[in-house]
Every structure is written in structure tokens, then in C-alpha cells.
**Student:** 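Take a look at the following structure, please.
Predicted, not measured: the structure shown is a model, and the values here were computed from it. We're numbering straight along the sequence, starting at 1.
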Amino acid sequence: MQVKTNKEPEMAGGTGLINRFYNEVIVGGNLSLIDELVKDDMVDHEEGLPGQPRGKEGVKFYVNTLRSAFPDLAVKSIEPVLAEGDLEAGYSVLAGTHTGDFAGIPASGNAVEFGGTDIIRVEDGKVAEHWGSTDTLRLMQQMGAVPR
């Protein structure tokens, strides 16, 4: 198993899909890149947001929702990065300002910082499956939706 902790990871087959997704799609806003990075029938094992469809359309929904709620979202880190065979994994930390509705929670204007773990299975250079865990409690606390 290869373990890397640099900011520009080389992942399964050198694709670095997790890094590209966070930096180019979520932060950079290049939503057309989703078609290049994600299989049409991608299976997401993480619970989606309210109203989020399955597959590639669900990924687009998620990114649009996140970017609308936190338009200044930035990647603070993606570490450690692991790759073996057709699997890639990483822990990312994102930071931004809650200036739009998120999952029914109106804009608070609060700064947020939250982390999450992603594991993906790559098939033909695209994400075929995703398992994830996001620190939603911490995010909800920072937005003022849940007491600390």
C-alpha cells in the first residue's frame, strides 16, 4: 500500500481523482469536469443531502448545493492520501462562509471548517463507487443549527 501526505497526490494509476474533484470541481467550480471524472452509474454509499438524486446527477446536485451555501469554500488540506489498486482514499478539510441555504438551514454568515473522509473505486479512469463520511455535526454546530 502506498501512503502519501503531499498536497498534490498521485493516486491509483496517477489519476488523483479526489484531489481534482475537491480543487477543480468544488472549489474551482468546473462542473463540466464531473462528466469526465464520474461514471454515469456511479454508486454512492454515503447518505445524500435532502432531495439528492443518485449517480452522476447526485454528484452535480451535491456540488451545486455546497457551492451555493458556501461560495468561498476552500480546501485547507487533503491528507493523508492512500492508494492501492483501483481504490483511492483521503481526508479533506474544507473552510468557507455559510452565506446560502444548506439542507434547509438558512444562511448564518458564520465561518465554517469541517472534514470528511472519501474512499473511491476507480474504473476506466472514472469514479465508479464512493464511500464517505462527513463531520456533519461539526458543520451544523458552526452554522448555528445545533448547539455546541
**Student:** If the threshold is 4.0 Å, N to carboxylate O, is there a salt bridge linking Asp35 and Lys60?
**Tutor:**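 So Asp35 pairs with Lys60 through a salt bridge.
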**Student:** Keeping Gln142 on the side-chain end and Glu113 on the backbone end, is there a donor-acceptor pair under 3.5 Å?
**Tutor:**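 A pair under 3.5 Å: yes.
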**Student:** For Phe70 and His98, take the angle between the two ring planes, folded into 0 to 90°, and tell me which bin it lands in: parallel under 30, tilted 30 to 60, perpendicular over 60.
**Tutor:**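 Phe70 vs His98 ring planes: tilted.
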**Student:** Heavy atoms only: give me the nearest Arg20-Leu33 pair and the separation to one decimal.
**Tutor:**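 Heavy atoms only, the tightest pair is NH2-CD1, 3.4 Å.
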**Student:** Ignoring hydrogens, what is the shortest heavy-atom contact between Val25 and Arg67? Give both atom names and the distance.
**Tutor:**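 Minimum heavy-atom contact is O-CD, 3.9 Å.
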**Student:** Ignoring hydrogens and angles, state whether a donor on the side chain of Tyr22 or Asp118 is under 3.5 Å from an acceptor on the partner side chain.
**Tutor:**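 The answer is yes; a qualifying pair exists.
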**Student:** Is a side-chain N or O of Asn30 found less than 3.5 angstrom from the main chain of Glu24, in a donor-acceptor match?
**Tutor:**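 No: the side chain of Asn30 does not pair with the backbone of Glu24.
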**Student:** Indicate whether any N or O donor in one side chain lies under 3.5 Å from an N or O acceptor in the other, for Glu46 and Thr134.
**Tutor:**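 Checked: Glu46/Thr134 side chains pair up, N/O donor to acceptor below 3.5 Å.
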**Student:** Taking all atoms of both residues into account, what is the closest heavy-atom pair of Ser92 and Ile78, and its distance?
**Tutor:**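 Closest approach of Ser92 to Ile78, heavy atoms only: CB-CG1, 4.0 Å.
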**Student:** Looking at Gly104 and Pro106, what are the two nearest heavy atoms and their distance?
**Tutor:**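 Looks like O-CD, 3.5 Å.
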**Student:** Keeping the roles fixed (side chain from Glu129, backbone from Arg121), state whether a donor-acceptor pair exists under 3.5 Å.
**Tutor:**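 The answer is no, because no donor-acceptor pair under 3.5 Å joins these two groups.
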**Student:** Is the backbone N or O of Gly115 less than 3.5 Å from a side-chain atom of Arg138, with the two atoms forming a donor-acceptor pair by type?
**Tutor:**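 Here the side-chain-to-backbone pair does not exist.
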